[in-house]
Amino acid sequence: METRILNTDEEGIRTAGAIAASGGLVAFPTETVYGLGANAYNDEAVERIYEAKGRPSDNPLIVHIADKAEINKLAAEVSENALKLIDAFMPGPFTVILKKSGSIGGAVTAGMDTVGIRFPENDTAQRFIRAAGVPIAAPSANLSGKPSPTEARHVIDDMSGRIDAILDGGSCSVGVESTIVDASRGIPVVLRPGGITYEQLTAVVPETIIDPHILESLGEGEKPLCPGMKYKHYAPNAEVTVVEGGMAEVKNKIDELLEQNRDKVCGVLTMSGNAYDSAVILCAGTTNRDYAKNLFSCLREFDRLGAEVVFAEFEERDGYGLAVRNRLYKSAAQRVIYV
Ligand code: AMP
Ligand code: MG
């Protein structure tokens, strides 16, 4: 299959919309990461998303809309707390989980009785969804297990020849995925930290809680609320180790690790002015917000540069720290050294 690269001009958007409406797969930019979209009402098209990504079929997709009125068609009920969150954070990097109506097929929701709904803020995403004229089911547009794509070229690297088209809308401003909040059963629960911080959520619904599994790997036989939690994620080819704590101690520890790994191509992901004697050094920025924006593209860059092991500096500094930590720990398969 030849994958078309489309511009975000009128014609590009119209073409992308028509491809999706008629059952094709289109990767499109959002403010979080690039999504891989299909007509959410077309189960066959949705199944092709799982195939193209190599995604386990029990990991549901988020339904993207460009008009809040769609929520009442997709959801069976919208609680008062859900409404408050929707009013505050849509459009934006936020996904709400609600009891689903009968309009969405089993492929999108992987057989669950709930549906994840997101209204992206990104202008290209909104124009594409409107052009398609249907809600768009979309996970991130990476091969399953790889870091999420934040630029069109990342999607080209993973998906060329596997999907119909890629809408090139430049780089994503948030860089990590949406915050997922389950508002389908009483007190809202954060299932995945992301582009909306916990502080922002509790300013609107103070009783909102965070699922404790966010930063852990699941125990044997434990069943996650968010099926995506249990899979390997965001992993570059290199073996990543997170070194977390104050930056002076982090520097000492990473120096020691570099010494121990002298026979390998080592990379360091920094968030400080620390200098290292190493082959590949990339800076993710000094705030957690910048770290979120740059993390996935840095992980992909380490691969491009041939790093075999990567040591990532990390310290929680602002409200985006939780989202960064969640992605970093997963990309490191929970190899974390606290100093
Ligand atoms: P991705 O867009 O690639 O980040 O994948 C979507 C994420 O949303 C996955 O982690 C899913 O497990 C999660 N998700 C989608 N729908 C639901 C749902 N109904 N309930 C819980 N989690 C969901
Ligand atoms: Mg994903």
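It should be emphasised that the depicted structure is a prediction, and the values quoted were computed from it without experimental measurement. FYI, the numbering just counts along the sequence from 1. For ligands, and for the atoms within them, numbers begin at 1 and follow the listed sequence.
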Which bit of Thr95 gets closer than 4.0 Å to ligand 1, counting heavy atoms only: side chain, backbone, both or neither?
neither

When the ring planes of Tyr329 and Tyr338 are compared, do they come out parallel, tilted or perpendicular, using 30° and 60° as the limits?
perpendicular

Just to verify, which of Lys146, Glu308, Arg300 counts as forming a side-chain hydrogen bond (donor to acceptor under 3.5 Å, both in side chains) with Asn237?
Lys146

Do ligand 1 and Glu177 have nitrogen or oxygen atoms that lie under 3.5 Å from each other?
no

Per-atom contacts of ligand 1 with Thr114, taking only distances under 4.0 Å to non-hydrogen atoms
18 (C), 19 (N), 20 (N)

With rounding to the nearest 0.5 Å, note down the distance linking NZ in Lys68 to CG in Leu83.
9.0 Å

Is it true that atom CD of Glu44 has more than 12 heavy atoms of other residues, nucleotides or ligands lying nearer than 6.0 Å?
no

Side chain, backbone, both or neither: which part of Arg118 has a heavy atom under 4.0 Å from ligand 1?
neither

With the threshold set at under 4.0 angstrom, would you say Leu61 reaches ligand 1 through any of its heavy atoms?
yes

Any luck finding a side-chain donor-acceptor pair between Glu177 and Ser148 under 3.5 Å?
yes

If you measure only the distance, is there a donor-acceptor pair under 3.5 Å linking the side chains of Asn274 and Ser272?
yes

Taking only heavy atoms of Ile180 into account, list the atoms of ligand 1 that are under 4.0 Å away from them.
7 (C), 8 (O), 13 (C)

Of the backbone and side-chain N, O or S atoms of Ser140, does one lie nearer to the Mg ion (ligand 2) than 2.8 Å?
yes

Relative to the heavy atoms of Arg192, which atoms of ligand 1 are at a distance of less than 4.0 Å?
1 (P), 4 (O), 7 (C)

Hey, is CZ on Arg127 packed in by over 12 heavy atoms from elsewhere, all under 6.0 Å?
yes

Against heavy atoms of Met112, which atoms of ligand 1 measure under 4.0 Å?
20 (N)

